[in-house]
Chemist: 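Just passing along the structure, written as structure tokens.
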Amino acid sequence: MPELPEVEAIRRHLASTLTNMSIDRASVRRRDVIRDLGGRRRGRLHPADLGVGRRVEMVDRRGKQLIVRLEDGIGIVIRLGMSGRLELHPRGSRSTSPHRHVVWMLRGAGTSPETRLDFIDPRRFGGVHLAQSPSDLEERLLAGLGPEAHTIAPETLYDRLRRTSRSIKTAMLDQSVIAGVGNIYADEVLFAAGVHPNQPANTISRPQVKRLADALRVILQKAIEQGGSTIQSHTLPDGGVGNFASHHKVYGRGGLPCTRCGDSLDRVVLGGRSTTFCATCQGVHPHG
Ligand SMILES: [Zn+2]
């Protein structure tokens, strides 16, 4: 599942192409991936709801969600879910994917060629959400998201972790606590900070919080620069791949030697999610 660095890498690709282009046409091949202005998956859609006739002002991101901001405060929020991706193609090129659910055709100024944006999602856990105003966008689609994980201040993180006795790993995955972290980066950040994934969030000390905030900033920033971690379905809109997976220290390395101490990495299920960590480097925390 794409996390903050993957979505940010996708955002940068989309922004460089789509900013200032206008949406000429849009077609929906699977109605159930679209949530309309009323939040429904079914019901009538008008071309204007999909942005037809409007110019792209910017491509934005909050947490793991992409936001195509159009004129007049209209926004299209795209959630990639487990297997969603966006592809950019020149007009007229063929698509080979049977899972192309939404297609937008965009045109730049003057005689510039048309570009096609495809939303493809084989497993359909992702979706396209339409907002008709800035307040609709903020209140219905983006409300409840915590601060961005890669820029959160240690004091803010400390305050947010105080509020829950769930494990630190589970708290980090909760998008209302911090936005953008999923299973890959939670494991990587906890390892870098030397924090046991099962330690209750409200027992995290100030020095630990400082290390966690530092690791969030450094690891997520480095992953953004590398185009994210390409695992399974994550690809960039031009078909390129991210290169950060080769830097993973723990994710996907259960049973292999820890890069720091050489002991075998443990892989357990925690809060329903596979979790890999080093019991030696990430210690036995004081609360069991
Ligand atoms: Zn170790």
Side-chain angles (χ1 to χ4, degrees), residues 2 7 9-62 64-81 83-137 140-142 233-240:
V7 179
I10 293 165
R11 185 198 71 75
R12 291 178 181 188
H13 274 253
L14 294 178
S16 67
T17 301
L18 301 182
T19 304
N20 287 323
M21 294 186 95
S22 294
I23 300 178
D24 268 358
R25 299 190 298 285
S27 62
V28 176
R29 291 156 193 234
R30 280 211 60 131
R31 179 65 180 84
D32 63 354
V33 304
I34 302 261
R35 289 220 182 230
D36 66 14
L37 305 176
R40 297 169 305 227
R41 282 193 182 269
R42 306 200 180 274
R44 281 186 69 174
L45 272 181
H46 299 282
D49 299 337
L50 291 156
V52 172
R54 289 198 168 81
R55 188 174 56 82
V56 176
E57 289 192 330
M58 66 187 295
V59 183
D60 210 346
R61 180 192 58 73
R62 255 307 257 129
K64 305 178 197 173
Q65 310 181 71
L66 280 163
I67 309 159
V68 180
R69 292 189 188 269
L70 307 172
E71 294 170 287
D72 305 324
I74 305 269
I76 300 174
V77 175
I78 300 171
R79 294 175 176 155
L80 297 172
S83 60
R85 66 181 191 273
L86 291 161
E87 292 184 0
L88 287 170
H89 295 284
R91 179 192 178 171
S93 59
R94 288 175 62 86
S95 170
T96 52
S97 174
H99 305 291
R100 201 161 61 123
H101 305 315
V102 189
V103 176
W104 287 272
M105 296 296 296
L106 298 101
R107 183 190 298 278
T111 57
S112 63
E114 277 191 318
T115 293
R116 192 181 80 219
L117 174 65
D118 295 343
F119 174 67
I120 297 166
D121 189 3
R123 296 177 66 184
R124 298 203 310 280
F125 286 110
V128 174
H129 302 246
L130 308 173
Q132 61 186 339
S133 66
S135 60
D136 189 33
L137 190 61
R140 185 164 59 86
L141 297 175
L142 304 177
S233 67
H234 167 66
T235 51
L236 296 169
D238 63 354

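No experiment lies behind these values; they were computed from the predicted model shown.
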Chemist: Of all residues at least two apart in sequence or in a different chain, which pass the side-chain hydrogen bond (donor to acceptor under 3.5 Å, both in side chains) check with R107?
Modeler: D24, E114
Chemist: With R54, which residues qualify under side-chain hydrogen bond (donor to acceptor under 3.5 Å, both in side chains), at least two apart?
Modeler: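 Only D72 meet the side-chain hydrogen bond (donor to acceptor under 3.5 Å, both in side chains) criterion with R54.
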Chemist: With heavy-atom distances below 4.5 Å as the criterion, would you say the side chains of E87 and I120 are in contact?
Modeler: yes
Chemist: In chain order, what residues pass the salt bridge (Lys or Arg N to Asp or Glu O under 4.0 Å) check against D60, with sequence neighbours excluded?
Modeler: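 Residues passing salt bridge (Lys or Arg N to Asp or Glu O under 4.0 Å) with D60: R69.
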Chemist: Just jot down the side chain to side chain contact (heavy atoms under 4.5 Å, CB included) partners of P47, sequence neighbours excluded, or say none.
Modeler: V52
Chemist: Please check: side-chain N/O of T19 versus main-chain N/O of A15, any donor-acceptor pairing under 3.5 Å?
Modeler: yes
Chemist: Looking only at heavy atoms, which two atoms of L141 and A131 are closest? And how far apart?
Modeler: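 Smallest interatomic distance, heavy atoms only, reads CD1-CB, 3.8 Å.
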Chemist: Sequence neighbours excluded, which residues qualify as side chain to side chain contact (heavy atoms under 4.5 Å, CB included) partners of H13?
Modeler: L236, P237, D238
Chemist: With rounding to the nearest 0.5 Å, note down the distance linking CZ in R62 to CG in L142.
Modeler: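 Between atom CZ of R62 and atom CG of L142 there are 7.0 Å.
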Chemist: Go through the steps to decide whether L45 and L130 satisfy the test side chain to side chain contact (heavy atoms under 4.5 Å, CB included), and finish with yes or no.
Modeler: CA-CA 10 Å; L45 272 181; L130 308 173; 3.7 Å; yes
Chemist: Are the side chains of L66 and V77 in touch, meaning some heavy atoms are under 4.5 Å apart?
Modeler: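 Sidechains of V77 and L66: no contact.
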Chemist: List the steps and the verdict of side chain to side chain contact (heavy atoms under 4.5 Å, CB included) for I10 and L80.
Modeler: CA-CA 11 Å; I10 293 165; L80 297 172; 3.6 Å; yes
Chemist: Which residues satisfy the side chain to side chain contact (heavy atoms under 4.5 Å, CB included) test with S16, sequence neighbours excluded?
Modeler: none
Chemist: Enter the distance from I74:CD1 to Q132:CD here, rounded to the nearest 0.5 Å.
Modeler: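 Spacing of CD1 (I74) from CD (Q132) equals 7.0 Å.
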Chemist: Does Q65 have any side-chain hydrogen bond (donor to acceptor under 3.5 Å, both in side chains) partners at least two apart in sequence or in another chain, and if so, which?
Modeler: R79
Chemist: Could you tell me which residues satisfy salt bridge (Lys or Arg N to Asp or Glu O under 4.0 Å) with R31, sequence neighbours excluded, listed by chain and number?
Modeler: D36
Chemist: Out of curiosity, L18 CG to M58 CE, how far, rounded to the nearest 0.5 Å?
Modeler: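 Going from the CG atom of L18 to the CE atom of M58 covers 12.5 Å.
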Chemist: Would you say V59 and I67 make side-chain contact, with heavy atoms under 4.5 Å?
Modeler: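 They are not in contact (no side-chain heavy atoms under 4.5 Å apart), so the answer is no.
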Chemist: D32: which residues meet the side chain to side chain contact (heavy atoms under 4.5 Å, CB included) condition with it, sequence neighbours left out?
Modeler: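 Side chain to side chain contact (heavy atoms under 4.5 Å, CB included) list for D32, sorted by chain: R30, R42, R124.
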Chemist: Pair I34, L50 - check side chain to side chain contact (heavy atoms under 4.5 Å, CB included), show working.
Modeler: CA-CA 9 Å; I34 302 261; L50 291 156; 3.7 Å; yes
Chemist: Taking side-chain hydrogen bond (donor to acceptor under 3.5 Å, both in side chains) as the test, write out the residues that go with R61, two or more places apart.
Modeler: E8, E148
Chemist: Which heavy atom of G81 sits nearest to which heavy atom of P2, and what is that distance?
Modeler: O-CD, 3.3 Å
Chemist: Might you work through the side chain to side chain contact (heavy atoms under 4.5 Å, CB included) test for T115 and M21, ending with a clear yes or no?
Modeler: CA-CA 9 Å; T115 293; M21 294 186 95; 3.7 Å; yes
Chemist: Rounded to the nearest 0.5 Å, what's the gap from OG on S27 to CE on M105? Could you check?
Modeler: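 Result: 9.0 Å between the selected atoms.
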Chemist: Using side-chain heavy atoms (C-beta onward) and a distance below 4.5 Å, is V68 in contact with V56?
Modeler: yes
Chemist: Considering all heavy atoms of both residues, which atom of F119 and which atom of G127 are nearest to each other, and what is their separation?
Modeler: CZ-N, 3.8 Å
Chemist: Any non-hydrogen side-chain atom of V103 less than 4.5 Å from a side-chain atom of R29?
Modeler: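 In short, these two side chains touch, coming nearer than 4.5 Å.
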Chemist: Applying salt bridge (Lys or Arg N to Asp or Glu O under 4.0 Å), can you list everything that pairs with D118, at least two apart in sequence or on another chain?
Modeler: R100, R116
Chemist: Ignoring hydrogens and geometry, is there a side-chain-to-backbone donor-acceptor pair from T17 to L14 under 3.5 Å?
Modeler: no
